[in-house]
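Atoms considered below: every heavy atom in the structure, side chains included; atoms not considered: hydrogens, waters and symmetry mates.
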Number of protein chains: 2
Amino acid sequence: MNSARRQATRQRLFQAAVTLIAEQGFSATTVDEIAERAGVAKGTVYYNFASKNELFEELLRHGVGLLTASLREAGADVTARGGSHVDAIDAMVRAGLAFIAEYPSFTQLYVAELWRTNRAWQDTLMVLRKEAVAVVEQTLRDAVAAGELSEEIDVPLTAAALFGMVLVAALDWLSFQPERSIDDVHAALSRLLQGRVAGHARA
Amino acid sequence: MNSARRQATRQRLFQAAVTLIAEQGFSATTVDEIAERAGVAKGTVYYNFASKNELFEELLRHGVGLLTASLREAGADVTARGGSHVDAIDAMVRAGLAFIAEYPSFTQLYVAELWRTNRAWQDTLMVLRKEAVAVVEQTLRDAVAAGELSEEIDVPLTAAALFGMVLVAALDWLSFQPERSIDDVHAALSRLLQGRVAGHARA
DNA sequence: TCTTTTGAACTGACTGGTCAGTGCAAAAAC
DNA sequence: GTTTTTGCACTGACCAGTCAGTTCAAAAGA
């Protein structure tokens with residue numbers, strides 16, 4: 001069991017499911033479609049996953065796992081080279097952009113499900129969200145502790161806002177200005193974060 | 001036709017549909033459920049709307065219309081009182097938060113659908129999105145023209161990033177820290193935009 | 001080396017249930 | 001008397017999940 005062949009099949013099913021569900025949503029995507037796109041019989045889906053729900057949950061776990069790892073690594077890299085915690089946050093913004101550029105379908109699907117309630121995979125999703133957000137929040141807290149950021153900032157809310165900024169900017173970028181480079185987009189976001197859009201004075 | 005009574009029925013159907021679809025998604029929500037929640041017979045749904053799809057499209061038009069009007073008004077208010085264009089943007093951030101706090105279900109549903117492709121209402125959604133984003137973009141352009149903002153900023157991307165920041169921060173606020181006031185949340189976002197999180201120096 | 005057996009992996013027709021949408025006569029509201 | 005709503009039976013398409021049967025590579029046996 002769990003042969004290389006089986007792993008390959010599961011991978012193909014993930015790939016097929018992620019694009020179809022991103023395009024149409026979970027309920028509107030049929031198991032037959034997923035099987036067909038993966039080039040596999042319907043029975044194979046059920047040989048590899050207990051249900052359509054479980055296929056989707058495993059897909060979520062897999063994808064968010066990649067994102068979390070990517071953020072953590074980006075932050076660790078910077079601090080290992082002696083960068084500040086604020087630099088680490090900047091690196092995470094970039095890592096977020098890179099992740100979304102690499103897995104746009106997964107991102108779409110994740111966003112579409114994240115704030116839903118009453119769905120079978122809600123609990124799973126909450127746990128995963130917490131893991132990913134924790135990486136950013138910890139870095140913000142480190143930055144506050146190191147005196148790089150004011151103690152008045154609200155860590156959870158700021159982390160959410162950063163996440164949303166990167167998310168929507170990236171999806172917009174890929175949808176409407178796909179010719180632009182990641183450097184370009186990253187620079188635009190850094191500019192926004194440096195207060196060159198909102199101005200500095202004010203109560 | 002279009003009597004006050006009928007309008008009231010349509011409103012009840014919108015209300016029922018928006019919460020159910022936000023919770024479960026469009027495909028997973030049945031017409032029977034919508035009718036039941038609205039306290040109306042199934043036949044009434046089809047007397048008032050041509051199809052489930054059309055009910056949803058009209059719901060989208062209605063909701064995004066409210067958002068666009070709210071943003072436009074917030075901006076106009078500020079400039080009418082002699083505020084700067086940057087102040088107008090700040091007011092729009094607040095208006096966005098207020099809208100999401102008032103219509104959280106609609107917001108969820110909108111986010112879930114916004115980046116989907118291959119759905120029947122995709123075209124409608126693009127048009128609506130453009131109308132809403134245009135309000136923010138125009139204000140950014142005005143600010144640049146007035147010399148309040150650097151010409152190097154990327155207007156569409158910045159507008160998208162602002163939108164994402166408000167969106168995700170607001171949903172996070174309502175989901176996980178609902179006891180906080182809108183002033184509080186608004187202040188946190190302003191702080192982020194004023195560069196007190198990212199720092200100011202850098203190439 | 002050649003043959004047989006084994007079992008994991010896969011297949012696809014089939015089933016039971018669900019749901020969008022219809023039709024319509026009668027009642028209620030205006 | 002016109003518009004709107006009700007109640008409810010009905011249809012046809014669609015779809016998640018099942019299961020008896022097939023494939024085939026590799027291990028066991030000769």
A.B. asks: Picking from A/Arg12, A/Glu54, A/Arg10, what satisfies side chain to side chain contact (heavy atoms under 4.5 Å, CB included) with A/Asn48?
C.D. replies: A/Arg10
A.B. asks: Here's one to test your reading of the geometry: is the NZ or CZ of B/Lys52 within 45 degrees of the ring axis of B/Phe26 and under 6.0 Å from its centre?
C.D. replies: yes
A.B. asks: With distance as the sole criterion, is a donor-acceptor pair present between the side chains of A/Ser84 and A/Asp87 under 3.5 Å?
C.D. replies: yes
A.B. asks: Rounded to whole Å, how long is the line connecting atom OH of B/Tyr46 with atom P of C/dC19?
C.D. replies: 12 Å
A.B. asks: Do A/Ile21 and A/Phe106 have side chains that get closer than 4.5 Å, going by heavy atoms?
C.D. replies: no
A.B. asks: List, with names and distances, any nitrogen or oxygen atoms from the protein found under 3.5 Å away from nitrogen or oxygen atoms belonging to nucleotides 5-11 of chain D.
C.D. replies:
unit_1 : atom_1 : unit_2  : atom_2 : d
D/dT5  : OP1    : B/Thr9  : OG1    : 2.4
D/dT5  : OP2    : B/Asn48 : ND2    : 3.0
D/dT6  : OP2    : B/Ala41 : N      : 3.0
D/dT6  : OP2    : B/Thr44 : OG1    : 2.5

A.B. asks: Give a yes or no on whether a salt bridge exists between B/Glu113 and B/Arg116, defined as a side-chain N under 4.0 angstrom from a carboxylate O.
C.D. replies: yes
A.B. asks: Tell me whether the count of non-hydrogen atoms from other residues, nucleotides or ligands lying under 6.0 Å of CD in B/Glu36 goes above 12.
C.D. replies: no
A.B. asks: Let me know the distance between CG of B/Leu55 and C1' of C/dA20, rounded to the nearest Å.
C.D. replies: 13 Å
A.B. asks: Of all of residues 25-37 of chain B, which get a heavy atom below 4.0 angstrom from DNA chain C, listed by number?
C.D. replies: B/Thr29, B/Thr30, B/Val31
A.B. asks: Taking the ring centre of each residue, are B/Phe14 and B/Phe49 less than 6.0 Å apart?
C.D. replies: yes
A.B. asks: Rounded to the Å, how far apart are B/Lys52 NZ and C/dT22 C1'?
C.D. replies: 17 Å
A.B. asks: Could you pull out all residues at least two apart from A/Arg141 that satisfy salt bridge (Lys or Arg N to Asp or Glu O under 4.0 Å)?
C.D. replies: A/Glu137
A.B. asks: Distance check needed: C/dT11 C1' versus A/Leu13 CG, whole Å only.
C.D. replies: 14 Å
